[in-house]
Amino acid sequence: QVQLVESGGGLVQAGGSLTLSCAASGGTLSTYSMGWFRQAPGKERDLVAAIRWTGGSTNYADSVKGRFTISRDNAKNTVYLQMNSLKPEDTAVYYCAASPTGEIAIMYSWKYWGQGTQVTVSS
């Protein structure tokens, strides 16, 4: 069983930056993909960014491409989401998630979830 704990959310002005962290414990991540999802009130939960633990290949939603960067620290079993040039439409609860098989396009593949952290971007 893998546990995920997010941190780093908060209130930031439009144009500002914020970095989220997700600490993973309880197992090896060698075959995993790790991802960040977000969900705004009344909206679907959408994948923002994903990274393969081994090799480090990344995928981004078009809405954040060029502004957000996902990365991982293998020694710390931690994944990060660096968010720059934040916009009010980025306001959401952000969730860290883990896909043990590495598959990212099928929602059922995301087996482990963090508790979520609120990001609010003011105009």
Side-chain angles (χ1 to χ4, degrees):
Q1 179 82 301
V2 172
Q3 286 79 49
L4 306 174
V5 179
E6 303 106 327
S7 61
L11 176 65
V12 64
Q13 289 184 298
S17 297
L18 209 57
T19 298
L20 307 182
S21 299
C22 174
S25 62
T28 179
L29 302 178
S30 60
T31 68
Y32 281 50
S33 287
M34 301 293 295
W36 289 96
F37 288 75
R38 68 185 182 188
Q39 188 168 25
K43 305 289 285 185
E44 186 74 20
R45 186 176 300 186
D46 292 323
L47 180 65
V48 174
I51 186 167
R52 294 215 56 141
W53 198 256
T54 299
S57 61
T58 58
N59 291 275
Y60 296 94
D62 288 342
S63 58
V64 308
K65 199 169 297 180
R67 299 189 297 122
F68 290 12
T69 302
I70 189 170
S71 62
R72 90 290 198 203
D73 186 324
N74 295 53
K76 296 180 179 179
N77 270 20
T78 299
V79 63
Y80 305 93
L81 186 67
Q82 182 180 348
M83 304 183 292
N84 299 323
S85 302
L86 282 162
K87 306 173 180 180
E89 51 262 47
D90 296 319
T91 295
V93 177
Y94 284 71
Y95 297 90
C96 181
S99 170
T101 67
E103 170 64 48
I104 67 171
I106 303 172
M107 282 301 297
Y108 184 77
S109 297
W110 298 96
K111 298 296 186 183
Y112 305 105
W113 294 84
Q115 80 285 355
T117 186
Q118 176 71 45
V119 172
T120 302
V121 183
S122 62
S123 59

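Residue indices begin at 1 and follow the sequence shown.
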Would you check if the side chain of [X] reaches a backbone N or O of [Y] as a donor-acceptor pair within less than 3.5 Å?
| X | Y | result |
| --- | --- | --- |
| Tyr60 | Ile70 | yes |
| Thr91 | Val121 | yes |
| Thr54 | Thr31 | no |
| Thr78 | Lys76 | yes |
| Thr19 | Gln82 | no |
| Glu6 | Gln115 | yes |

Next on the checklist: Show, in sequence, the C-alpha distance, side-chain angles and deciding distance for Phe68 and Leu86, and conclude whether the side chain to side chain contact (heavy atoms under 4.5 Å, CB included) test is met.
Outcome noted: CA-CA 9 Å; Phe68 290 12; Leu86 282 162; 3.8 Å; yes
Checklist entry - After noting the C-alpha distance and the side-chain angles of Ile51 and Trp36, does the key distance pass the side chain to side chain contact (heavy atoms under 4.5 Å, CB included) rule? => result CA-CA 9 Å; Ile51 186 167; Trp36 289 96; over 6 Å; no
Indicate the atoms forming the closest heavy-atom contact of [X] with [Y], along with that distance.
| X | Y | answer |
| --- | --- | --- |
| Cys96 | Met34 | SG-CE, 3.9 Å |
| Ala49 | Leu81 | CB-CD1, 4.1 Å |
| Gly114 | Tyr95 | O-CD2, 3.7 Å |
| Ser109 | Glu103 | OG-CG, 3.2 Å |
| Ala24 | Val2 | CB-CG1, 4.3 Å |
| Ser85 | Ser17 | N-OG, 4.4 Å |

If you round to the nearest 0.5 Å, how far is [atom2] of [Y] from [atom1] of [X]?
| X | Y | atom1 | atom2 | result |
| --- | --- | --- | --- | --- |
| Arg38 | Met83 | CZ | CE | 9.0 Å |
| Asn59 | Ile104 | CG | CD1 | 4.0 Å |
| Asp90 | Ser63 | CG | OG | 7.0 Å |
| Arg52 | Ser99 | CZ | OG | 8.0 Å |
| Asn77 | Arg72 | CG | CZ | 11.0 Å |

Checklist entry - If you group Ile, Leu, Val, Met, Phe, Trp and Tyr by side-chain heavy-atom gaps below 4.5 Å, do Met107 and Val93 land in one group? => result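 As far as the 4.5 Å side-chain criterion goes, Val93 and Met107 are connected within one cluster.
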Next on the checklist: Grouping I, L, V, M, F, W and Y whenever their side-chain heavy atoms are under 4.5 Å apart, do Tyr80 and Tyr32 come out in a common cluster?
Outcome noted: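 In one cluster: no.
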Checklist entry - Is the Lys NZ or Arg CZ of Arg45 less than 6.0 Å from the centre of Trp113's six-membered ring, within 45° of the axis? => result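 Cation-pi check for Arg45 and Trp113: passes.
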Next on the checklist: Does Tyr112 form a side chain to side chain contact (heavy atoms under 4.5 Å, CB included) with Gln1? I'd like the steps, not just the answer.
Outcome noted: CA-CA 8 Å; Tyr112 305 105; Gln1 179 82 301; 2.6 Å; yes
Next on the checklist: Less than 4.0 angstrom from a charged side-chain N to a carboxylate O is my criterion; do Asp62 and Lys65 meet it?
Outcome noted: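 A salt bridge links Asp62 with Lys65.
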Checklist entry - Does the gap between the ring centers of Trp110 and Phe37 come in under 6.0 Å? => result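 Centroid distance Trp110-Phe37: below 6.0 Å, so yes.
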Next on the checklist: Are more than 12 heavy atoms, taken from residues, nucleotides or ligands other than Gln13, located less than 6.0 Å from that residue's CD atom?
Outcome noted: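 Open.
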